[in-house]
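Numbers restart at 1 for each chain; the letters A, B, ... are given by sequence-line order, proteins then strands.
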Number of protein chains: 2
Amino acid sequence: MRIAILTYPGLTALDAIGPFEVFNILREFEICFVWKEVGPVVADGGRLILGATHTLDEVQCCDLLLVPGSSANTLTVMADDVVMRWLRAVHAGTRFTASVCSGALILAAAGLLGDEPATTHWAAMPLLPRYGAKPEPDKRIVESGKLVTAAGVSAGIDLALHLVAKLLDPERAKIAQLLIEYDPQPPFDSGHMRKAQADIARKAKARMSRIAMTNPRNLISIPKLLTRQWRT
Amino acid sequence: MRIAILTYPGLTALDAIGPFEVFNILREFEICFVWKEVGPVVADGGRLILGATHTLDEVQCCDLLLVPGSSANTLTVMADDVVMRWLRAVHAGTRFTASVCSGALILAAAGLLGDEPATTHWAAMPLLPRYGAKPEPDKRIVESGKLVTAAGVSAGIDLALHLVAKLLDPERAKIAQLLIEYDPQPPFDSGHMRKAQADIARKAKARMSRIAMTNPRNLISIPKLLTRQWRT
């Protein structure tokens, strides 16, 4: 069973790696990190590099297509016709097409969400209706036919457990949960806009606005990396 | 403020990327992925590549040293004198030295845990006493002076929120929690050995034993990746 994760410059790493680990720890899926070319892709914030392992052309079909979000580069991907065409073509053959965080906007821009209910990161929620989708701000996971959208960043872990239960069975989802010891105990209860204190919410919104204006590709020292040999 | 994440072949990606994202989303830390050489490092399972951005020599001091675990390669790192010496040298100057999952065994092997209480992944828990440390199997985070250990894989997110509250302040930890929308809603309650059904626990143990015997570096098609130019 094959999972394709769209791995574009500026993606939010945990959007992809949270779900990845749930699938990976079972060692039952073929997992492809897909981008225009194979090689290093800089995540948002400019400090982490993930490897794209397959080109878009190499992955024309998969059981699960997963689109992560980005704090600063979602709009670039949404305006990329090559990616939009690829998403539509691959989506036609998936069992599930899923997004984490602002990845829902990318699905929407590709025309895949239509007027379905969907969730996304709170900062991206106001943009969903512009593409016709119906925002569900109080839901962490929204399933609508084969489209499954998740809320921001860390929601991808819950999403992936949900998807393993569908793609394989609930037993293996529970095994994956135990293998990654997902028994969350956040030290604060500040993970949703309706739970956070007013001043925390205000400051988080201000930070998100600043982050969204950075160009993630400018931050890491790419020249330094490219003067060294990448090997394993 | 600088954070160094030991990025060794075969590490469990979410052990590193869960905490990374908590720190990264605040955009207030310098974060280094450190290994013997700069370049691609294959995570366990053999499907994901992370980039090491700094060499061990380049990072001689940091505020937080973070050691992730591995399902199959922990012992290799524990037997690596170069890494053990580096950990001891860097630990001497940290504000906090932390581990996720079986990373606690790596700290133990370097002599950093001593006879302190510590936690780790349930599969690694029986090994902690061999190094003198006191296992705390029911705790998700154990703090002992500047040593902070976390339970398996996903516990790194809770750990990082805890550390942000210490390194910066609780307000920014709450902001980070809201920015990554960490309001966990696992679809099952199977994330700890004392919660999982007996048959799930038995099957998870059997899988973990099988995983621990794989060599993660054999799985990915490295030659394919190396024949392409890594660029951004």
*Asks:* Relative to chain A, which of B:Ile175, B:Asp189, B:Thr7, B:Asp15 shows the most heavy atom pairs under 4.5 Å?
*Replies:*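 Of the candidates given, the most pairs with chain A belong to B:Ile175.
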*Asks:* Got a second to check how far A:Ile3's CD1 is from A:Leu167's CG, nearest 0.5 Å?
*Replies:*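 Here the rounded value is 6.5 Å.
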*Asks:* Quick one: of B:Leu26, B:Val22, B:Leu159, B:Asp199, who has the most non-hydrogen atom pairs under 4.5 Å with chain A?
*Replies:*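 Maximum pair count with chain A is reached by B:Leu26.
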*Asks:* If I measure from the heavy atoms of chain B, does A:Phe188 come under 4.5 Å with its side chain, its backbone, both, or neither?
*Replies:*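 For A:Phe188, heavy atoms of backbone and side chain both lie under 4.5 Å from chain B.
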*Asks:* Kindly assign one of parallel, tilted or perpendicular to the pair A:Phe33 and A:Phe20, based on the angle between their ring planes and the thresholds 30° and 60°.
*Replies:*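 Because their plane-to-plane angle lies in the 30° to 60° range, the rings of A:Phe33 and A:Phe20 count as tilted.
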*Asks:* Identify which part of A:Ile157 has an atom lying under 4.5 Å from any heavy atom of chain B, answering side chain, backbone, both or neither.
*Replies:*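 Interface part for A:Ile157: side chain.
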*Asks:* Please classify the contact between A:Trp122 and chain B as side chain, backbone, both or neither, with a heavy-atom cut-off of under 4.5 Å.
*Replies:*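 Both parts, backbone and side chain.
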*Asks:* With a 4.5 angstrom heavy-atom cut-off, could you sort out which part of B:Ala201 is near chain A: side chain, backbone, both or neither?
*Replies:*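 Contact with chain A involves both backbone and side-chain atoms of B:Ala201.
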*Asks:* Would one find more than 12 heavy atoms of other residues, nucleotides or ligands at under 6.0 Å from atom NZ of A:Lys36?
*Replies:*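 Counting neighbours around NZ of A:Lys36, more than 12 heavy atoms of other residues, nucleotides or ligands fall under 6.0 Å, so yes.
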*Asks:* How long is the straight-line distance from OG1 of B:Thr55 back to CG of B:Asp57, given to the nearest 0.5 Å?
*Replies:*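 Here the interatomic distance stands at 5.0 Å.
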*Asks:* Where on A:Ala13 is there a heavy atom nearer than 4.5 Å to chain B: the side chain, the backbone, both, or neither?
*Replies:*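 The answer is both parts of A:Ala13.
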*Asks:* Between A:Ser190 and B:Lys174 (side chain of the first, backbone of the second, donor and acceptor by atom type, cut-off under 3.5 Å), is there such a pair?
*Replies:*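 Yes, the answer is positive, given that a donor and an acceptor are paired below the 3.5 Å cut-off.
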*Asks:* Could you check which of B:Pro187, B:Pro184, B:Cys32 has the highest count of heavy-atom pairs closer than 4.5 Å to chain A?
*Replies:*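 It is B:Pro184.
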*Asks:* Please find the pair of heavy atoms, one from B:Cys61 and one from B:Arg2, that lie closest to each other, and give the distance.
*Replies:*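 Heavy-atom minimum between the residues: O-NH1, 3.1 Å.
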*Asks:* Tell me, side chain or backbone of A:Glu21 under 4.5 Å from chain B's heavy atoms, or both, or neither?
*Replies:*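 Only the side chain of A:Glu21 comes within 4.5 Å of chain B.
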*Asks:* Among A:Ile200, A:Leu161, A:Ile5, single out the residue with the greatest number of heavy-atom pairs under 4.5 Å to chain B.
*Replies:*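 Result: the option with the highest number of such pairs is A:Ile200.
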*Asks:* Between A:Leu14 and B:Gly18, what is the shortest heavy-atom contact and its length?
*Replies:*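 Heavy atoms of A:Leu14 and B:Gly18 come nearest at CD1-CA, 4.0 Å.
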*Asks:* For A:Ala176, is it the side chain, the backbone, both, or neither that has a heavy atom closer than 4.5 Å to a heavy atom of chain B?
*Replies:*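 Neither part.
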*Asks:* Please flag which part of A:Thr12 lies under 4.5 Å from any non-hydrogen atom of chain B: side chain, backbone, both or neither.
*Replies:*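 Interface part for A:Thr12: both.
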*Asks:* Any idea which of A:Arg207, A:Gln185, A:Glu181 has the most non-hydrogen atom pairs under 4.5 angstrom with chain B?
*Replies:*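 If we count pairs closer than 4.5 Å to chain B, A:Glu181 comes out on top.
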*Asks:* Measure from the side-chain N and O atoms of B:Tyr182 to the backbone N and O of A:Gly152, and report whether any donor-acceptor pair falls under 3.5 Å.
*Replies:*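 No; zero donor-acceptor contacts below 3.5 Å.
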*Asks:* For chain B, which candidate among A:Arg172, A:His192, A:Gln197, A:Met193 shows the most heavy-atom pairs at distances under 4.5 Å?
*Replies:*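 Of the candidates given, the most pairs with chain B belong to A:His192.
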*Asks:* Would you compute the distance between atom NE2 of A:His54 and atom CD1 of A:Ile31 and round it to the nearest 0.5 angstrom?
*Replies:*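 Nearest 0.5 Å value for the NE2-CD1 distance: 11.0 Å.
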*Asks:* Check whether A:Lys205 gets within reach of chain B through its side chain, its backbone, both or neither, counting any heavy atom under 4.5 Å.
*Replies:*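 Nothing of A:Lys205, per the 4.5 Å heavy-atom cut-off to chain B.
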*Asks:* I'd like to know if the side chain of B:Asp63 and the backbone of B:Met1 have a donor-acceptor N/O pair within less than 3.5 Å.
*Replies:*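 The answer is no, because no donor-acceptor pair under 3.5 Å joins these two groups.
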